[in-house]
Amino acid sequence: MHTTSVNDYLRQHIRTVSDWPAPGVQFRDITPLLQDPKVFRILIDAFVHRYMDPDMRPDVVAGLDARGFILGAVIAYELNVGFVPIRKKGKLPFTTVEETYELEYGSATVELHTDAVKPGDKVLLIDDLIATGGTMMAGKKLLEKLGATVMEGAAIVDLPELGGSKLLQDTGKLPLFTLVDFEGH
């Protein structure tokens with residue numbers, strides 16, 4: 001790895017599965033990043049080192065259902081800050097706020113406990129990848145409904161051709177940090 005950037009190293013460990021979940025889709029599978037302890041550590045460290053900087057340090061990490069839970073919980077632990085899950089509708093047991101967003105094939109709703117964040121909290125919002133941006137935009141709106149500020153959206157993979165990162169930055173005014181871009185979808 002000494003001659004390879006962290007981004008290129010991580011890219012080498014992302015598996016592409018053709019025609020899944022539908023014909024023509026190039027699915028970017030991050031599970032190989034999680035299976036190898038060295039690769040997983042390098043992945044987490046890439047995020048942790050960024051957010052250890054006092055200017056970038058969040059008060060809370062929010063992870064999007066479900067792979068954002070894996071990343072977000074570990075990053076929050078390493079930063080010694082709290083973690084909150086943003087779940088699919090009907091999965092949280094306490095009082096929630098919800099946000100519905102459009103998918104390519106319909107709509108979905110995500111929820112957040114009403115006591116998950118406090119007004120003024122700086123939140124890092126994390127998921128495994130950015131495709132159309134709908135899930136991350138819904139997560140941002142949920143956190144803002146509770147008075148938090150989403151300081152940045154982060155993901156391992158950006159699929160820029162699907163327009164999500166542009167939507168989030170232009171329309172959502174959300175700064176983004178991603179480690180690997182894949183052209184095509």
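Atom set for the values below is all heavy atoms of this structure, side chains included, hydrogens, waters and symmetry mates excluded. Position 1 is the first residue of the sequence; numbering continues from there.
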Next on the checklist: Would the distance check show the side chain of Asn7 and the main-chain N or O of Val180 forming a donor-acceptor pair, the cut-off being under 3.5 Å?
Outcome noted: no
Item to check | Lys145 atom NZ, neighbour heavy-atom count above 12 within 6.0 Å | outcome: yes
Item to check | Residues Val157, Thr178; criterion side chain to side chain contact (heavy atoms under 4.5 Å, CB included); working and verdict | outcome: CA-CA 6 Å; Val157 175; Thr178 58; over 6 Å; no
Next on the checklist: Looking at every heavy atom in both Ile130 and Ser165, which two are closest together, and how far apart are they?
Outcome noted: CG2-N, 3.7 Å
Checklist entry - Do you know which two heavy atoms are closest between Phe69 and Pro85, and how far apart they sit? => result CE2-CB, 3.7 Å
Checklist outcome for this item: Here the gap from Glu161 atom CD to Glu183 atom CD, rounded to the nearest 0.5 Å, amounts to 5.0 Å
Item to check | Within-4.5 Å side-chain heavy-atom neighbours: Asp59 and Val81 | outcome: no
Item to check | Residues Ile30, Leu129; criterion side chain to side chain contact (heavy atoms under 4.5 Å, CB included); working and verdict | outcome: CA-CA 9 Å; Ile30 64 144; Leu129 65 81; 5.7 Å; no
Item to check | Atom pair CG/NZ of Asp65 and Lys91 - distance to nearest 0.5 Å | outcome: 8.0 Å
Checklist entry - Which of parallel (below 30°), tilted (30 to 60°) and perpendicular (above 60°) describes Phe47 and Tyr51? => result parallel
Item to check | Linked, directly or transitively: Val61 and Leu92 (ILVMFWY side chains, under 4.5 Å) | outcome: no
Checklist entry - Ile42 and Val74: same hydrophobic cluster, using ILVMFWY side-chain contacts below 4.5 Å? => result yes
Checklist entry - With no hydrogens and no angle check, is any side-chain donor or acceptor of Lys122 less than 3.5 Å from a backbone partner on Arg57? => result yes
Checklist entry - Within a strict 4.5 Å, meaning less than it, do heavy atoms of the Leu176 and Asp158 side chains meet? => result no
Checklist entry - When rounded to the nearest 0.5 angstrom, what distance separates CD1 in Ile86 from CD in Glu98? => result 13.5 Å
Checklist entry - Side chains of Arg50 and Phe177: does their closest heavy-atom pair fall under 4.5 Å? => result yes
Checklist outcome for this item: Closest non-hydrogen contact found for Glu111 with Thr96 is OE2-OG1, 3.3 Å
Next on the checklist: Looking at Asp170, I want to see if its CG is surrounded by more than 12 non-hydrogen atoms of other residues, nucleotides or ligands under 6.0 Å.
Outcome noted: yes
Checklist entry - When rounded to the nearest 0.5 angstrom, what distance separates OH in Tyr9 from CG in Leu179? => result 14.0 Å
Checklist entry - Just checking, is any N or O donor in the side chain of Gln26 or Ser18 under 3.5 Å from an acceptor N or O on the other one? => result yes
Item to check | Pro58: which of Asp121, Leu79, Thr149 passes side chain to side chain contact (heavy atoms under 4.5 Å, CB included) | outcome: Leu79
Checklist entry - Between Arg11 and Phe182, is NZ or CZ placed under 6.0 angstrom from the six-membered ring centre and within 45° of the ring axis? => result yes
Next on the checklist: Could you measure the distance from the CD1 atom of Ile14 to the OG1 atom of Thr16? Nearest 0.5 Å is fine.
Outcome noted: 8.0 Å
Item to check | Leu43 with Met52, same ILVMFWY side-chain cluster at under 4.5 Å | outcome: yes
Checklist entry - Shortest non-hydrogen contact from Leu146 to Val97? => result CD2-CG1, 4.1 Å
Checklist entry - Does Val48 belong to the same Ile/Leu/Val/Met/Phe/Trp/Tyr cluster as Met151, with side-chain heavy atoms less than 4.5 Å apart forming each link? => result yes
Checklist entry - What pair of heavy atoms forms the shortest contact from Ala62 to Phe83, and how long is it? => result C-CE1, 4.2 Å
Next on the checklist: Minimum heavy-atom separation for Leu124 and Ala154, please, with both atom names.
Outcome noted: CD1-CB, 3.9 Å
Checklist entry - Just how far is it from atom CG of Leu125 to atom CG of Leu143, taken to the nearest 0.5 Å? => result 6.0 Å
Next on the checklist: Donor-acceptor pair, distance only, cut-off 3.5 Å: does the side chain of Lys140 make one with the backbone of Val150?
Outcome noted: no
Checklist entry - When you look at Val39 and Leu10, which way does the side chain to side chain contact (heavy atoms under 4.5 Å, CB included) test go after all the steps? => result CA-CA 7 Å; Val39 178; Leu10 294 173; 4.2 Å; yes
Item to check | Path from Tyr77 to Phe40 over hydrophobic side-chain contacts below 4.5 Å | outcome: no
